[in-house]
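I have placed the structure first, in the form of structure tokens, so that the comments after it can refer back to it.
Everything quoted here is computed from the prediction, not taken from an experiment. Residue numbers start from 1 in every chain, and the chains themselves are labelled A, B, ... in the order their sequence lines are given, proteins ahead of strands.
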Amino acid sequence: MPELAEVEFIRRRWDPGLGHVIATVRLHPRARVLRGVDCARLARRLASARLESSAAAAKQILFRLTAADGEALWLGIHLGMTGELRVRPAGLPDAKSEHLILDQPAAGQSLVFADPRMFGRVQFHAGSTAPEWWTQLAPAVTSPEFTLEAVSEFLRRRARAPIKAVLLMQQRFPGIGNWMADEILWRAAIHPARRCGELSPAEVKKLHRETVWVAREALRIIGAADTAAAWPDPPATWLFQHRWEDGGLCPRTKKPLERAEIGGRTTCWSPARQTLA
DNA sequence: TCCTATGTTGTATG
DNA sequence: ACATACAACATAGG
């Protein structure tokens, strides 16, 4: 159930495949994750292609490949709620929910994209220029383009919406998902149901700062972790560790946390430090 | 049986 | 056209 840092972690799972040639491609064309993809063309082009590099931005993963005839190929993976990448030794049977399998027999392995719930998706593009679904992503929250002014302007245009819902909007907060949004609001001491238009300039500034901080720390703790094991959780000083516990306590105030649906998603906050109005 | 789930998108309404 | 709200997608697990 990946957000910014988990996506980066999962991206690196296919690192053992870099520099190796794909011999065969196996896929299940009826799987929802392949909606809109020309599966026959994808399979034909990726066969004999070499995996060159990968990158992650927002919740999107991009793999760059070179076809046997030299053409540049671009494979996109979005993990949705339950998507996962793995590398499996060659010859093992396919498991359930494995929708795209790239066999690299010379390396003795297969690269696998699995997604039981199938909210994720695969995208494919051939040609020398990067596809729009990659180039059109909003600037990363860890980049210099993610300015306080950009955030202020974005919130101004969504004055009536609860801040929790707006933090989930990928056009301005790429990579932020449900747990990161709750973590940011908790650190910024802003109640998730507050309307964007009523936040003070000081609160918006705090929100901007905590967004960058949470993203950086999550990338450091989760995104850079050893991919041989499961991804690590942030420390117990974070809201993250307590948000699903029954009777969970705020790690700062030690007072009870509250949960409710806000902006269409289950939201956790600390009433002792996040108040309305 | 019923409820929940770290995401996105299409559609309806204002 | 734009902002907002919400059902729908599909499956597994408590």
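In terms of phosphate contacts, Gln170(A) brings a side-chain nitrogen or oxygen within less than 4.0 Å of OP1 or OP2 of dT8(B). A sub-4.0 Å separation between OP1 or OP2 of dA3(C) and a side-chain N or O of Arg157(A) is present. In this model, the phosphate group of dT8(B) is approached by a side-chain N or O of His78(A) to a distance below 4.0 Å at OP1 or OP2.
Taking atom CZ of residue Arg32(A) and atom P of nucleotide dT11(C), one finds them 10 Å apart after rounding to whole Å. For the pair Arg243(A) CZ and dT4(B) P, the computed distance is 15 Å after rounding to whole Å. Computed from coordinates, the Glu245(A) CD to dT6(B) C1' distance equals 17 Å when rounded to whole Å. With rounding to whole Å, Ile222(A) atom CD1 is found 15 Å from dT6(B) atom P. As rounded to whole Å, 16 Å separates atom P of dA1(C) from atom CZ of Arg158(A). In this structure, Met81(A) places its CE atom 11 Å from C1' of dA10(C), rounding to the nearest Å. For the pair Asp246(A) CG and dG14(C) P, the computed distance is 14 Å after rounding to whole Å. Following rounding to the nearest Å, Glu261(A) (CD) and dC3(B) (P) show an atom-to-atom distance of 13 Å.
Between Trp238(A) and Trp179(A), the ring planes lie tilted relative to each other; the angle falls in the 30° to 60° range. Taking the six-membered ring where tryptophan is involved, the planes of His99(A) and His28(A) are perpendicular, since the angle between them exceeds 60° and thus also 30°.
Contacts of Gly80(A) with the nucleic acid, taken as non-hydrogen atoms under 4.0 Å apart, involve only primed sugar atoms and P, OP1 or OP2. Among the atoms of the strands shown, none is found under 4.0 Å from any heavy atom of Arg259(A). Residue Trp244(A) is in base contact, counting any heavy-atom pair closer than 4.0 Å across all strands shown. As judged by a 4.0 angstrom heavy-atom cut-off over every strand, Ala159(A) is placed among residues touching the sugar-phosphate backbone only.
Base pairing annotation: dT6(B) forms no Watson-Crick or G-U wobble pair, as no partner gives both donor-acceptor distances under 3.5 Å. Nucleotide dA1(C) forms no Watson-Crick or G-U wobble pair with any nucleotide shown, as no partner meets the under 3.5 Å limit on both distances. When both distances must be under 3.5 Å, the Watson-Crick or G-U wobble mate of dA10(C) does not exist.
Nucleotides dC9(C) and dT1(B), compared at atom C1', are 22 Å apart to the nearest Å.
When each of Thr253(A), Leu239(A), Leu185(A) is tested with Ser270(A) by the rule side chain to side chain contact (heavy atoms under 4.5 Å, CB included), just one qualifies, namely Thr253(A).
Comparing Thr266(A) and Arg35(A) by the nucleotide of DNA chain B whose heavy atom lies nearest to each, the residue mapping closer to the 5' end is Thr266(A).
The CG atom of Asp115(A) lies 11.5 Å from the CD atom of Glu98(A); values are rounded to the nearest 0.5 Å. Between His191(A) atom NE2 and Glu203(A) atom CD the span is 12.5 Å, to the nearest 0.5 Å.
Residues of residues 114-125 of chain A that place a heavy atom closer than 4.0 Å to DNA chain C, in numerical order, are Pro116(A), Arg117(A), Met118(A), Phe119(A).
Scanning both residues, Ser54(A) and Arg11(A), for their nearest heavy atoms gives OG-NH1, 2.9 Å. Across Arg64(A) and Ala55(A), no two heavy atoms sit closer than the pair NH2-CB, 4.3 Å.
Of the listed nucleotides (dA10(C), dT6(B), dT4(C)), dT4(C) has the atom at the smallest distance from the side chain of Arg160(A). Among the nucleotides dA5(B), dA5(C), dA12(C), the one closest to any side-chain atom of Lys96(A) is dA12(C).
Each salt bridge (charged side-chain N to carboxylate O under 4.0 Å, His left out) pair with one or both residues in residues 148-159 of chain A, not counting sequence neighbours, appears once here: Glu153(A)-Arg156(A), Glu153(A)-Arg157(A).
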